[in-house]
2 protein chains.
Amino acid sequence: MIHLEWYRIFLHAARTGNLTKAAQELYITQPSVSYAIKQMEQALSLKLFHRLSKGVELTEEGKALLAYVEQSFALLDAGERKMSQLKDLTGGELRIGASDSLFKHFLFPYLDKYHKQYPEVRIRLSHGKTSEITQRVKEGTVDFGLIHLPTAEDPLLTIQAIMTLQDCFVGGEAYRDKAVLPLTAHDLGQFPLLLLSAGSSTRRFAEHWFSQQNVTIQADIELGSIDLLIEFAKLGLGVAFVSKSYVTQELADGLLYELKPTVAIPTRYIGIAARRDTTPSLAAAKFHEMLMADMPALVT
Amino acid sequence: MIHLEWYRIFLHAARTGNLTKAAQELYITQPSVSYAIKQMEQALSLKLFHRLSKGVELTEEGKALLAYVEQSFALLDAGERKMSQLKDLTGGELRIGASDSLFKHFLFPYLDKYHKQYPEVRIRLSHGKTSEITQRVKEGTVDFGLIHLPTAEDPLLTIQAIMTLQDCFVGGEAYRDKAVLPLTAHDLGQFPLLLLSAGSSTRRFAEHWFSQQNVTIQADIELGSIDLLIEFAKLGLGVAFVSKSYVTQELADGLLYELKPTVAIPTRYIGIAARRDTTPSLAAAKFHEMLMADMPALVT
DNA sequence: TCATGATATAGAGCTCCTTTATGGGAAGGT
DNA sequence: ACCTTCCCATAAAGGAGCTCTATATCATGA
């Protein structure tokens, strides 16, 4: 078996054509290089160098070997550089999966900040339903997932609540006078409702809230994007069910009005799901750290 | 600095996902593998494996590294296979340079035999003038060269005579009666002469022989190919100056007749030129051996 | 709770790489 | 011719660090 360290010595010797110089480059002594080359030649049972009076020169066989070794070492060097990049986050990638609505309204500012701090880290986002996100976390396809809680326990996952989410009903100018007194679920159900598409956890959550109060609702307008939901509400097309934090600005500006329900909408939690038993990549760990630094302490 | 042997251990560990198995594959103990991986992680200052209860699993960084290491090792393996081929002559190449006329009439049977014995060795031939051949030998572009002697001494070359060459004058049927008695150079110069093109060493040799006897000649027909020279002579177009061994058959068959000169044509030598101080490649050494086995002992 | 199968750690041992010292050959200058 | 210089090979001693044995520790599953 060829001792791999020999290849390094071979490489230097071949490039310099001088065992003494090769030794200097490697910070070892010339006999050491001599010895290594000799070992190598014995192992391969062929001569790699011609010994000339003014140094060494590759034999044809040596030249052939050099071609392979050079390429091989170039790869290893590239690998080590890559590792170094990953280490100091000047490379690598951060892969986050999240429920559709969380990206823009929750994650975006952090991604922006992260990207500014580590511009070399490639950010890959994938969205999907909560079950798809957790699956990707388990597979290792994403570093971690952000999901709405509660979700099913899974022995392979750690799930940690990191943020509260307070939903609310909002309407445009037309609902200004409706916004004074608390409304029953039934009352709210009478308005044209602007809801996220069926399948989203927010939609399920809203339906659940209504159904608990024996109100069956039907979305008048169903959209895939929370932004559009808010825009439509501003235009007065109906009452939207959205997270309060997404419309803080609009409420303050008087573009939207909150319709308070008689029965409080439960607080929801945003959770972060990661694989148990695995250390996240450095890129991911840094992001996690950044996220947590900003979060109020929560009882999980 | 990463000790390269670590990579081998890393590779096995990554592939098996089990340090103990990796150790078995490498015929070392598990703590040895543990130790190596740890060294490596410290050297790169990042974690390469997640330690799970049922083995190890690559981290993202580890996966990235594995890609490089696998490719790199594949190359080294390929290199070792190549060396093995070169060693047992199931690969590699034999590069011979020779003066034009030598290939067909001298070298061909050996090349044929060599190729039959080592069909995997690629044979590359290059022809040119003697000076070009020796130049290629010095550059290492060819393993060795076959040339007509004498040639200039060169400190970088070893030149060894390996075969004698006896030139002669031959003519066709028309010269049958001329072939009885020895002829002077002057007599021979009167015949239409069939000679190799100017520039060839055979041509120079012939001219030299004539001029030493104060005969100035002029080629009536000048050809680049010895075969054509012989054909023309058989057709009776004149007297050709060729090596006797090339026309042995024709002389025996009575297709050509030798015109004996009064002054003997000196014996020439075919020599083999190789670089001094360098061992030939194995492919070349074998050919050289095969060549020499067939040669009569010669005083150089 | 015990057995099993992993990895981590500690400490001793020994391999084999490295070093120092030396020799010899070739090239180049005097 | 002789001396100097440069370079590689060899011998023998020394030691760094890999490897081994033994053991601890932890997780899993029966």
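For the numbers below, each heavy atom of this structure counts, side chains included, while hydrogens, waters and symmetry mates do not. Every chain is numbered from 1, with letters handed out A, B, ... down the list of sequences.
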Should [X] be listed as having a side-chain N or O under 4.0 Å from OP1 or OP2 of [N]?
X     : N      : answer
A:S32 : C:dC17 : no
A:R51 : D:dA9  : yes
B:T29 : D:dT21 : no
A:N18 : D:dC8  : yes
A:S34 : D:dA9  : yes
B:K38 : C:dT9  : yes

Nearest whole Å is fine: how far is [N] [atom2] from [X] [atom1]?
X     : N      : atom1 : atom2 : value
A:H50 : C:dG25 : NE2   : P     : 21 Å
B:L19 : D:dC26 : CG    : P     : 18 Å
B:Y35 : D:dG17 : OH    : P     : 8 Å
B:I28 : D:dT19 : CD1   : P     : 5 Å
A:K54 : D:dC7  : NZ    : P     : 10 Å
B:R8  : D:dC18 : CZ    : P     : 15 Å
A:Q30 : D:dC6  : CD    : P     : 14 Å
A:W6  : C:dT18 : CH2   : C1'   : 15 Å

| query | Which residue lies toward the 5' end of DNA chain D, B:V33 or A:V56, if each is placed at its nearest nucleotide? | reply | A:V56

| field | Ion pair B:K87/A:E61, N-O distance below 4.0 Å | value | no

| task | Please report the shortest heavy-atom distance between A:I159 and A:A273, naming the atom on each side. | result | CG1-CB, 4.0 Å

| said: Heavy-atom nearest nucleotide on DNA chain C for A:Y27 versus B:P31: which residue maps closer to 5'? | reply: B:P31

| Is the cationic atom of A:R268 (NZ for Lys, CZ for Arg) positioned less than 6.0 Å from the six-membered ring centroid of A:F205 and within 45 degrees of its normal? | yes

| Going through the distances and angles, do A:K82 and A:E120 end up as a salt bridge (Lys or Arg N to Asp or Glu O under 4.0 Å)? | CA-CA 12 Å; A:K82 185 77 178 179; A:E120 307 292 327; over 6 Å; no

| What's the verdict on salt bridge (Lys or Arg N to Asp or Glu O under 4.0 Å) for B:R95 and A:E60, showing C-alpha distance, side-chain angles and the deciding distance? | CA-CA 11 Å; B:R95 302 161 309 166; A:E60 289 306 315; 3.1 Å; yes

